[in-house]
> 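Below is one structure. I have some questions about it.
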Amino acid sequence: MKYLHLIWAALFRRKGRTLLTLVSIVTAFLLFGLLDAVRVGFDQAGRSANGAQRLQTGAKISFIQLLPMSLGARIAQIDGVKDVAYANWFGGAYQKPENQVFSFAVSPNYIDIYPEMKVSAEHRKAFADTKDGAIVGEGLAKKFGWKVGDQVPMQSTIFPDRNGSQNWPFKIVGIIQVPDKKSGAFYDQMFLLNWKYFDDTTPWNQGQVGWYVTRVKDVNQADRVLKAIDELSANSDHETRTLTEQAAMSAWMRQLADINLIVTSIMGAVFFTLLLLAGNTMMQAVRERTGEIAVLKTLGFSGGSVLSMVLAESVLLLLIGGVVGLALASVIGPAVSAGSGGALNLPAAGLTSWVIGAGLALLFGLLVGALPALRAMRVNITDALAGRA
């Protein structure tokens, strides 16, 4: 473009204002990139299970519905299944309700399903032999100052015992070691108790299971195993839905909140504010250059040329901020995912996200620049040079 040098000079005529506006645009598109990564992460979770080492089976209707204990033995007989464990959500809190911990009542072989968790043979035996025993993540133990042998009072936010009390005493009998903190941060914060103790103590369970975790022999056969598990309960009163662990987490979140609506609402508010901010910047920039625009027209620039240059300036401003923001999101998203130990899945911005982002930057650039460009096009040379425009 032969007028690029003029557009660039006009854009950075007031460097401080332009840079501050760019920071706002970059922030908006960074947020867009991260939130779009959340959306993509949830969408990807429901795709093929092949490649997944573990599958999670829960009730098809709702994750709060329980499943029969007998289903575990039937799942174990499916070709391609290596191990089957089961668990129930406990909903524990330490000392006060806000100190929530990831607490589960689990079967004896639950740790075997998760090789990411390392528990010594001594601690495993103590867990199996101690009815009210619990093993906890090393990070969780450090957080609350727990050590092996401590008696820990826990409050269940869901399940009372047979006397109606929600205070449950536990004895710490083992520590979960997580060698890879980057991929296993979630396990580092876990509190595991014996399923049998949970089932015997609360009247609300009665031999039922919250969900099953299946470890497959061949990750390339996970899709087939998944379908076979769900076929076991087809047309029964306890139909199941089997998903990968990532997809199961996404399904839980979707039952609690409409993720797409939340993302759309946040981005709508952010971009509306961005339009006001960038629009005000462009209006001020054109107003300050009224005399210069009159000079351009005196030199032979048509009204259409002036309109095009102002629009190009606005679009360039939004595109620069959009590209930088999306590039930062592509770096920050995967870094956050790695740091969360698998608790978050924020993939780098893909082609679709870049296309949508570029399209939004172009659209917002045109919207922001429309009124200032029309004003510049209509500038009267005589009035502008006389200071009356």
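Note that these values count all heavy atoms, side chains included, but never hydrogens, waters or copies made by symmetry.
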> Is there side-chain contact between Ile176 and Val136, with at least one heavy-atom pair below 4.5 Å?
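Answer no - side chains too far apart.
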
> With rounding to the nearest 0.5 Å, note down the distance linking OG in Ser103 to CZ in Phe170.
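With rounding to 0.5 Å, OG (Ser103) is 8.0 Å from CZ (Phe170).
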
> Do Thr240 and Thr57 get their side chains close enough for a donor-acceptor pair, meaning under 3.5 Å?
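Side chains of Thr240 and Thr57: no pair found under 3.5 Å.
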
> Please check if the side chain of Glu239 supplies one atom and the backbone of Asn235 the other of a donor-acceptor pair under 3.5 Å.
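Yes: the side chain of Glu239 pairs with the backbone of Asn235.
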
> At their closest point, which heavy atom of Asp132 faces which heavy atom of Pro169, and how far apart are they?
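Heavy atoms only, the tightest pair is CB-O, 4.0 Å.
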
> Over all heavy atoms of both residues, which pair between Val84 and Gly72 is shortest? Give the atoms and the distance, please.
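Residues Val84 and Gly72, closest heavy atoms: CG1-O, 4.2 Å.
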
> Under the side-chain contact (heavy atoms from CB on, under 4.5 Å) criterion, do Leu366 and Ser314 qualify, and how do the steps go?
CA-CA 7 Å; Leu366 293 174; Ser314 176; over 6 Å; no

> Can you tell if the side chain of Pro68 reaches within under 4.5 Å of the side chain of Gln208, non-hydrogen atoms only?
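They are not in contact (no side-chain heavy atoms under 4.5 Å apart), so the answer is no.
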
> Walk me through whether Trp89 and Phe159 qualify under ring-ring contact (aromatic ring centres under 6.0 Å, His included).
CA-CA 10 Å; Trp89 178 256; Phe159 300 101; 9.5 Å; no

> Please report the C-alpha distance between His238 and Lys60 in whole Å, then the side-chain angles of each, then the deciding distance to 0.1 Å, and finally whether the side-chain contact (heavy atoms from CB on, under 4.5 Å) criterion is met.
CA-CA 8 Å; His238 56 272; Lys60 186 175 183 179; over 6 Å; no

> Run the numbers on Phe104 and Phe191 for side-chain contact (heavy atoms from CB on, under 4.5 Å), then give the verdict.
CA-CA 6 Å; Phe104 310 99; Phe191 185 102; over 6 Å; no

> Could you report the tightest heavy-atom contact between Ser156 and Trp168, atom names first, then the distance?
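Shortest heavy-atom contact: CB-NE1, 3.8 Å.
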
> Establish, from distance only, whether the side-chain atoms of Asp36 and Ser353 form a donor-acceptor pair under 3.5 Å.
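There is such a pair between these side chains.
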
> Tell me, do Ile78 and Ile229 make a side-chain contact under 4.5 Å, heavy atoms counted?
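Yes, side chains in contact.
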
> Rounded to the nearest 0.5 Å, what separates atom NZ in Lys171 from atom CD1 in Ile135?
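One gets 15.0 Å once the value is rounded to the nearest 0.5 Å.
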
> Considering only heavy atoms from C-beta outward, does the side chain of Thr18 approach that of Lys15 to under 4.5 Å?
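Not in contact.
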
> Would Leu277 and Leu360 show up in the same hydrophobic cluster when neighbours are defined by side-chain heavy atoms closer than 4.5 Å?
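Different clusters: Leu277 never reaches Leu360 through Ile, Leu, Val, Met, Phe, Trp or Tyr contacts under 4.5 Å.
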
> Measuring from Thr281:OG1 to Ile25:CD1, what's the distance to the nearest 0.5 Å?
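Thr281 atom OG1 to Ile25 atom CD1 measures 7.5 Å (nearest 0.5 Å).
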
> State yes or no: are the ring centers of Trp146 and Tyr94 separated by less than 6.0 Å?
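Yes, they do, as the ring centres are separated by less than 6.0 Å.
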
> Honestly curious: do Leu367 and Leu317 fall in one hydrophobic cluster under the side-chain, below-4.5 Å linking rule?
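Yes, Leu367 and Leu317 fall within the same hydrophobic cluster.
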
> Test your reading of the model: is there a side-chain donor-acceptor pair from Ser120 to the backbone of His123, 3.5 Å cut-off?
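Present.
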
> Which atoms form the tightest heavy-atom contact between Val106 and Ala87, and what is the distance?
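For Val106 versus Ala87, the nearest heavy atoms are CG1-CB, 4.0 Å.
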
> Counting neighbours of CD on Glu122 that are heavy atoms of other residues, nucleotides or ligands and sit closer than 6.0 Å, is the number greater than 12?
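No.
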
> Can Ser305 and Ser302 be said to form a side-chain hydrogen bond (donor to acceptor under 3.5 Å, both in side chains), step by step?
CA-CA 5 Å; Ser305 297; Ser302 66; 3.0 Å; yes

> Are Leu35 and Val323 connected into the same hydrophobic cluster when the rule is that any two of I, L, V, M, F, W, Y join if their side-chain heavy atoms are below 4.5 Å apart?
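They do share one cluster, since a chain of ILVMFWY contacts under 4.5 Å joins Val323 to Leu35.
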
> Applying side-chain contact (heavy atoms from CB on, under 4.5 Å), run through Val148 and Val173 and close with a yes or a no.
CA-CA 5 Å; Val148 174; Val173 296; 5.5 Å; no

> Would you say the side-chain atoms of Asp188 pair up with the backbone N or O of Gly139, donor to acceptor, closer than 3.5 Å?
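Between the backbone of Gly139 and the side chain of Asp188 there is a qualifying donor-acceptor contact (under 3.5 Å).
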
> Taking the six-membered ring for Trp, are Tyr110 and Tyr86 ring centroids under 6.0 Å apart?
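No, they do not, as the ring centres are separated by 6.0 Å or more.
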
> Can you check whether Phe127 reaches Val119 side chain to side chain, under 4.5 Å on heavy atoms?
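No; the side chains remain at least 4.5 Å from each other.
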
> Of all heavy-atom pairs between Ile113 and Ala85, which one has the smallest distance, and what is that distance?
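Closest heavy-atom pair between Ile113 and Ala85: CG1-CB, 3.6 Å.
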
> Does the pair Phe271 and Phe364 meet the rule for a ring-ring contact (aromatic ring centres under 6.0 Å, His included), with working shown?
CA-CA 9 Å; Phe271 282 136; Phe364 294 155; 4.9 Å; yes

> In Å and rounded to the nearest 0.5 Å, what is the CE to CE distance from Met190 to Met117?
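That separation rounds to 5.0 Å.
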
> For a quick check under 3.5 Å, do Thr201 and Asp161 share a side-chain donor-acceptor pair by atom type?
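Judged by distance alone, the side chains do not pair up.
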
> Just so I know, are the side chains of Leu71 and Leu232 near enough to count as touching, which here means a heavy-atom distance under 4.5 Å?
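Side chain of Leu71 against side chain of Leu232, heavy atoms only: contact under 4.5 Å found.
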
> Could you tell me the separation between the CG atom of Leu274 and the CE atom of Met267, rounded to the nearest 0.5 Å?
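These two atoms lie 9.0 Å from each other.
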
> How about Arg74 and Gln77: does a side-chain donor come under 3.5 Å of a side-chain acceptor?
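Judged by distance alone, the side chains do not pair up.
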
> Restricting to non-hydrogen atoms, name the atom on Thr202 and the atom on Pro160 that form the minimum distance, rounded to 0.1 Å.
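Heavy atoms only, the tightest pair is OG1-O, 3.0 Å.
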
> Determine whether Gln284 and Arg14 make a side-chain contact, defined as any pair of heavy atoms from C-beta on separated by less than 4.5 Å.
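Side chain of Gln284 against side chain of Arg14, heavy atoms only: no contact under 4.5 Å found.
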
> Can Lys227 and Asp223 be said to form a salt bridge (charged side-chain N to carboxylate O under 4.0 Å, His left out), step by step?
CA-CA 6 Å; Lys227 293 174 183 176; Asp223 255 336; 5.7 Å; no

> State yes or no: do Tyr197 and Val152 share one hydrophobic cluster built from I, L, V, M, F, W and Y residues joined by side-chain heavy-atom distances below 4.5 Å, directly or via other members?
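Yes, same cluster.
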
> Distance alone, cut at 3.5 Å: any donor-acceptor contact between the side chains of Ser107 and Asn109?
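Yes, a side-chain donor-acceptor pair sits under 3.5 Å.
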
> Which residue is it: Arg215, Arg124, Arg54? I am looking for the one with a salt bridge (Lys or Arg N to Asp or Glu O under 4.0 Å) to Asp112.
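It is Arg124; the other options fail the test.
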
> Quick one: do Ile158 and Met154 end up in the same hydrophobic cluster if we chain Ile, Leu, Val, Met, Phe, Trp and Tyr together by side-chain heavy atoms under 4.5 Å apart?
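Cluster IDs for Ile158 and Met154 match.
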
> Using the rule given for salt bridge (charged side-chain N to carboxylate O under 4.0 Å, His left out), can you reason through Asp199 versus Lys196, listing the C-alpha separation, both sets of side-chain angles and the distance that settles it, and then say yes or no?
CA-CA 5 Å; Asp199 188 53; Lys196 187 69 168 61; 5.9 Å; no

> Kindly determine whether Tyr187 and Phe102 satisfy ring-ring contact (aromatic ring centres under 6.0 Å, His included), including the steps that lead there.
CA-CA 9 Å; Tyr187 309 112; Phe102 293 112; over 10 Å; no

> If I take atom CZ from residue Arg162 and atom CG from residue Asp200, how far apart are they, to the nearest 0.5 angstrom?
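Spacing of CZ (Arg162) from CG (Asp200) equals 7.0 Å.
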
> Below 4.5 Å, heavy atoms only, C-beta onward: do Arg375 and Leu371 meet side chain to side chain?
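Heavy-atom side-chain distance check fails, nothing below 4.5 Å.
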
> Does any N or O in the side chain of Thr130 come within less than 3.5 Å of the main-chain N or O of Ala126, such that one atom is a donor and the other an acceptor?
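Yes, because the side chain of Thr130 sits within donor-acceptor range (under 3.5 Å) of the backbone of Ala126.
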
> Return the orientation label for the Phe32 and Phe29 ring planes: parallel under 30°, perpendicular over 60°, tilted otherwise.
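Answer is perpendicular, since the angle exceeds 60°.
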
